[in-house]
Amino acid sequence: QQQVKQSPQSLIVQKGGISIINCAYENTAFDYFPWYQQFPGKGPALLIAIRPDVSEKKEGRFTISFNKSAKQFSLHIMDSQPGDSATYFCPPGSNYQLIWGAGTKLIIKP
Amino acid sequence: DSGVTQTPKHLITATGQRVTLRCSPRSGDLSVYWYQQSLDQGLQFLIQYYNGEERAKGNILERFSAQQFPDLHSELNLSSLELGDSALYFCASTPSGTGGVPEAFFGQGTRLTVV
């Protein structure tokens, strides 16, 4: 059973453009919705996270939008930069457990 | 630097062998998680320990085992290795708290190559 589905699997965006990655989940018990960023050869690192009591959270160029009824949340990267090229994961969680999907590979072309 | 230390960084071994991967969590973190990441794949959760006790189990093969010691470091033992076990193995630790899902801090990983 696939609890978390990310789309697209890969994404190429021009420098300065907006990158959008979507995450759909099934378990309504999740109460924590983070995005992790992973560079090649490194471990993932928390980028931004949201709780279900808010619909949007912005930190610098990164914004999470959360739609509880649709069981979806998305990551928007404004003014995308080559340094944003990485794999992004959206592992929703509850009770100290994160459920990891396959990830989205983002490439920002200069 | 996440504060989580994994050793060794690289490991090359032959099929059928046994290896031990080591993880030192961030100071004060009681929870340790182990993950497997095959080439260009997502993270597969293997097992979680909390203060020395197994707390959750994921898709961990019977050939694999783990433990967390009193000083909170953890070891992942992989035996009867197969070519398909070649992957990056990550350890993560989380701060202790009263509930919810705290931020997971990942180590740099151990790249295992089975030949």
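Keep in mind that what you see is a predicted model, and the values were worked out from it rather than measured. A note on names: the letters A, B, ... follow the listed sequences, proteins ahead of strands, and every chain is numbered from 1.
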(request) Can you measure from NZ (K42(A)) to CG (L88(B)) and round to the nearest 0.5 angstrom? (result) 11.5 Å

(message) Check for me, please, whether Y33(B) and I60(B) land in the same ILVMFWY cluster - side-chain distances under 4.5 Å, paths through other members count.
(response) no

(request) Determine whether I20(A) and Y25(A) fall in the same hydrophobic cluster, where Ile, Leu, Val, Met, Phe, Trp and Tyr are linked whenever their side-chain heavy atoms lie under 4.5 Å apart. (result) no

(request) Would you please go through residues 104-115 of chain B and name the residues with a non-hydrogen atom below 4.5 Å from one of chain A, in numerical order? (result) A104(B), F106(B), G107(B), Q108(B)

(message) Under 4.5 Å between side-chain heavy atoms, counting indirect links through other Ile/Leu/Val/Met/Phe/Trp/Tyr residues: same cluster for Y35(B) and F64(B) or not?
(response) no

(request) Output the option from A92(B), S2(B), G42(B), A56(B) having the highest count of non-hydrogen pairs under 4.5 Å with chain A. (result) G42(B)

(message) Please classify the contact between P44(A) and chain B as side chain, backbone, both or neither, with a heavy-atom cut-off of under 4.5 Å.
(response) both

(request) Determine whether L21(B) and L61(B) fall in the same hydrophobic cluster, where Ile, Leu, Val, Met, Phe, Trp and Tyr are linked whenever their side-chain heavy atoms lie under 4.5 Å apart. (result) yes

(request) Run the numbers on Q37(B) and W100(A) for side chain to side chain contact (heavy atoms under 4.5 Å, CB included), then give the verdict. (result) CA-CA 11 Å; Q37(B) 186 174 38; W100(A) 296 79; over 6 Å; no

(request) Can you tell which part of Q48(B) gets under 4.5 Å to a heavy atom of chain A, answering side chain, backbone, both or neither? (result) side chain

(message) Ignoring hydrogens, what is the shortest heavy-atom contact between F89(A) and L43(B)? Give both atom names and the distance.
(response) CE2-N, 4.2 Å

(message) Do I47(B) and L81(B) sit in one hydrophobic cluster, given that two such residues count as connected whenever their side-chain heavy atoms are within less than 4.5 Å of each other, even indirectly?
(response) yes

